Amino acid sequence: MDLTYPFFILSTTVALLYLYSKWKFSYWKIRNVHHLEPIFLYGNLKETSGKIIHLSEKMSRLYKEVKAKGGAYGGFYSYWTPDFVPVNLNLIKGILHKDFTHFRNHKSYVNVEKDPLSGHLFNLRDDKWKSLRSKLTPTFTSGKMKMMFQTIVDCTTGLENILKESITINDAVNIKDILSRFTIDVIGSVAFGIEINSLKNPNSDFVKYGKATFTNSFSKRIKLMIFAVFPRCITNFIKLVPQEVESFYINLVKDTVNYREKNNVYRKDFMHLLIQLKNIGTVTDDAEGLSVQQITNEDLGLTVNEMAAQAFVFYLAGFETSATTMTFALLELSQNSDVQDKLREEINSVLKKHDNKITYEAINEMEYLEKVVSETLRKHPPISLLPRVCNKDYEIENSDLVIKSGTSVIIPIISIQRDPEYYPDPEKFDPERFSKENISSRPAFTYMPFGEGPRTCIGLRFGILQTKVGLCSVLKNCRVSLNKKTIVPIEYDFGSVLTVKGGVWLNLEYLN
Ligand code: HEM
């Protein structure tokens with residue numbers, strides 16, 4: 001067989017790919033921007049794709065190099081996509097806050113027609129995002145958090161039972177697994193209005209389909225890679241949310257809405273607030289808005305699909321981030337027994353004043369708990385890099401570089417929060433960094449675990465609240481220490497939310 005022709009095609013394709021790659025990878029060089037040396041096809045993602053190091057570590061390398069040169073920004077390549085990485089705090093302030101109109105959107109996939117569940121707050125862009133954000137903001141006020149507080153506390157009964165059970169059965173407890181089941185129960189209850197009971201039944205459909213969304217199958221990875229390279233044209237051809245996942249969550253929301261409207265059921269949760277938005281276009285502190293849609297102007301209300309997408313993002317954005325925060329807090333406490341003892345003392349003495357009950361007021365009285373949670377989020381921000389896209393050309397002050405519309409921007413939160421200039425001895429877990437005096441002595445934009453500016457995390461209050469309640473519930477009952485199954489020093493595993501390679505395994509000693 002004559003192989004000349006296929007060989008010619010193959011070698012021409014490889015040569016063209018090489019030339020295209022070289023051209024793509026000249027982007028930062030041409031603009032004289034310091035960057036990490038890209039590798040054919042991968043750009044700067046070779047080690048992260050091979051699960052050798054976490055993306056945030058690779059980004060921290062760039063951050064340190066740029067700072068060492070006294071630069072304000074650097075360049076990165078996610079495959080062929082050039083990412084702009086700001087390092088200077090004033091520049092970051094401009095991007096996230098002052099000049100927000102140039103950087104309003106996240107770098108994420110949205111396709112409301114093909115993937116209705118993708119039409120949620122995190123993904124939506126421009127005016128659609130703005131309109132939805134202003135509708136949803138009133139559902140996250142401190143008043144609304146107080147209203148839902150008891151639902152969070154109710155889920156601690158299951159948490160305490162499962163901890164007791166685990167202690168008797170296992171010598172080492174996979175703490176992230178248990179805490180994730182706790183936060184799934186909480187979010188299932190407040191966002192979807194149903195009892196998931198994943199603490200008792202970890203294999204429920206709700207959990208199974210949620211996991212399917214997080215799992216990056218080979219085909220999903222390919223789709224994401226294509227989306228990273230051709231973000232604009234590909235959205236019309238790709239469906240990322242599997243059909244069974246979509247049907248499950250949309251039907252769940254439809255059934256709940258129908259049931260509540262038919263039977264006039266009022267429950268103090270996000271689902272009720274979303275029903276109010278659908279029916280009356282506003283949220284109130286009572287049962288109002290349960291009877292079927294009273295507003296006719298579609299722009300004011302929400303459709304059932306839109307409700308499902310928001311409940312879905314509260315689940316996706318809310319359960320793992322909070323479970324991760326609690327896990328890292330317990331990991332640190334297991335290695336810093338003085339901090340653990342001090343925190344338990346505070347928890348016990350405050351609870352004593354509140355009839356030994358975890359109340360909203362008790363949680364807000366716990367100042368040291370606040371510091372421990374803040375220090376955990378500094379050292380291990382679950383979302384370690386903040387993605388944005390420039391939507392209007394942006395001239396950088398004191399520089400001749402213009403960030404072009406369409407350029408991806410990555411804010412290296414974790415590198416800033418581990419920068420010894422702002423946090424001396426950054427590896428040390430020291431909650432006193434968050435005393436009032438220390439906070440006020442640090443420059444702005446040096447602590448951003450929830451992002452910053454108008455697009456900051458909408459669920460911040462809820463995330464902190466469920467993290468504090470979970471920690472309170474564990475620590476009032478148990479002393480934690482590190483089990484030898486935990487690999488230390490820890491390494492971050494591959495994934496969009498920070499996790500620990502090999503898991504966090506703790507010994508739990510029951511105190512009561
Ligand atoms: C400790 C827990 C949490 C952490 C660390 C966290 C972190 C973040 C971060 C970094 C962002 C991006 C912000 C930006 O671009 O500036 C974000 C956005 C978001 N988070 Fe959270 N989050 C947490 C809990 C929650 C919870 C409990 C919910 C919902 C109940 C939630 C819902 C959202 C939503 C909907 C967005 C998108 C906001 C928008 O684009 O307007 N998060 N979160």
Side-chain angles (χ1 to χ4, degrees), residues 56 92-93 95-97 100 103-108 110 117-137 139-141 144-145 148 151-152 179-180 182-192 269-271 273-274 306 309-329 370 372-389 408-414 416-417 445 447-471 496-498:
S56 63
I92 292 175
K93 183 179 174 186
I95 291 171
L96 293 178
H97 197 72
F100 174 72
F103 302 94
R104 286 212 294 203
N105 302 325
H106 284 136
K107 183 186 170 186
S108 50
V110 60
L117 285 183
S118 72
H120 55 65
L121 193 65
F122 191 92
N123 287 348
L124 285 177
R125 302 188 189 131
D126 304 316
D127 288 347
K128 286 200 171 133
W129 165 76
K130 200 172 168 199
S131 153
L132 187 63
R133 177 94 190 193
S134 66
K135 284 179 198 169
L136 292 178
T137 297
T139 65
F140 285 93
T141 59
K144 298 290 182 291
M145 296 302 106
M148 293 177 217
T151 315
I152 308 179
L179 294 170
S180 301
F182 165 64
T183 51
I184 286 173
D185 281 3
V186 172
I187 302 271
S189 185
V190 294
F192 288 86
D269 55 19
F270 280 124
M271 181 51 71
L273 302 174
L274 292 175
E306 284 170 338
Q310 308 328 308
F312 187 60
V313 76
F314 295 167
Y315 170 40
L316 296 187
F319 101 84
E320 193 161 24
T321 44
S322 303
T324 299
T325 309
M326 283 184 256
T327 302
F328 278 119
E370 168 81 22
V372 167
V373 171
S374 300
E375 174 66 346
T376 304
L377 287 165
R378 173 199 71 82
K379 199 172 165 193
H380 310 282
I383 310 227
S384 52
L385 305 165
L386 213 55
R388 289 290 153 86
V389 177
S408 148
V409 176
I410 298 179
I411 318 276
I413 301 180
I414 193 164
I416 297 165
Q417 296 186 173
F445 293 85
Y447 180 70
M448 302 179 274
F450 294 96
E452 260 294 350
R455 195 130 199 182
T456 187
C457 173
I458 199 169
L460 179 153
R461 284 198 183 99
F462 192 83
I464 291 184
L465 211 53
Q466 68 172 340
T467 299
K468 286 182 174 174
V469 170
L471 285 176
S496 44
V497 173
L498 281 193

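When a ligand or atom number is given, it counts from 1 through the structure's own listing order. Here the structure is a predicted model, which means the values were calculated and not measured.
- Residues R455 and N105 are in side-chain contact: their nearest non-hydrogen atoms beyond the backbone lie under 4.5 Å apart.
- Per-residue contacts place I458 under 4.0 angstrom from the following atoms of ligand 1 (heavy atoms of the residue considered): 34 (C), 35 (C).
- Listed by number with element, the atoms of ligand 1 under 4.0 angstrom from any heavy atom of T325 are 1 (C).
- The protein atom (non-hydrogen) at minimum distance from atom 6 (C) of ligand 1 is F450 CD2, 3.6 Å.
- Given atom 23 (C) of ligand 1, the protein heavy atom at minimum distance is T321 OG1, 3.4 Å.
- Close approach to F462 involves these atoms of ligand 1, each under 4.0 Å from a residue heavy atom: 27 (C).
- Listed by atom number, the atoms of ligand 1 under 4.0 Å from E452 heavy atoms are 16 (O).
- For the atom pair CD1 of I416 and CG of L386, the computed distance is 9.5 Å after rounding to the nearest 0.5 Å.
- The residue among G451, C457, G463 with a heavy atom at the shortest distance from atom 42 (N) of ligand 1 is C457.
- Between I95 and I411 there is a side-chain heavy-atom pair separated by less than 4.5 Å.
- Contact check for M326 versus T183: side-chain heavy atoms found under the 4.5 Å cut-off.
- For R388, the heavy-atom gap to ligand 1 drops under 4.0 angstrom.
- Nearest protein neighbour of atom 37 (C) of ligand 1, counting heavy atoms only, is F122 CD1, 3.5 Å.
- Remark: ligand 1 atoms within the under-4.0 Å shell around heavy atoms of R133 are 38 (C), 39 (C), 41 (O).
- A salt bridge links E370 to K468: at least one charged side-chain nitrogen sits closer than 4.0 Å to a carboxylate oxygen.
- Side-chain contact between I414 and L498: present, with at least one pair of heavy atoms (C-beta onward) separated by less than 4.5 Å.
- Residue contacts with ligand 1 for L386 involve side-chain atoms from C-beta outward but no N, CA, C or O (heavy atoms, distance under 4.0 Å).
- The closest non-hydrogen atom to atom 10 (C) of ligand 1, taken over S322, P449, G459, P454, comes from P449.
- The residue among A317, G453, A191 with a heavy atom at the shortest distance from atom 25 (C) of ligand 1 is A317.
- Expressed to the nearest 0.5 Å, how far CD of Q466 lies from CE of M145 amounts to 10.5 Å.
- W129 counts as a contact of ligand 1, since one of its heavy atoms falls under 4.0 Å from the ligand.
- A pairwise comparison of heavy atoms in T325 and T376 identifies O-CG2, 3.4 Å as the closest pair.
- Of all the atoms in ligand 1, the ones that sit under 4.0 Å from a non-hydrogen atom of G318 are 25 (C), 26 (C), 27 (C), 28 (C).
- Ligand 1 has a nitrogen or oxygen under 3.5 angstrom from a nitrogen or oxygen of R455.
- When each of F192, F319, F462, F140 is paired with F314, the ring pair (Phe, Tyr, Trp, His ring centres under 6.0 Å) condition holds for F140 and for no other.
- Looking at D126 and R104, their side chains come closer than 4.5 Å, going by heavy atoms from C-beta outward.
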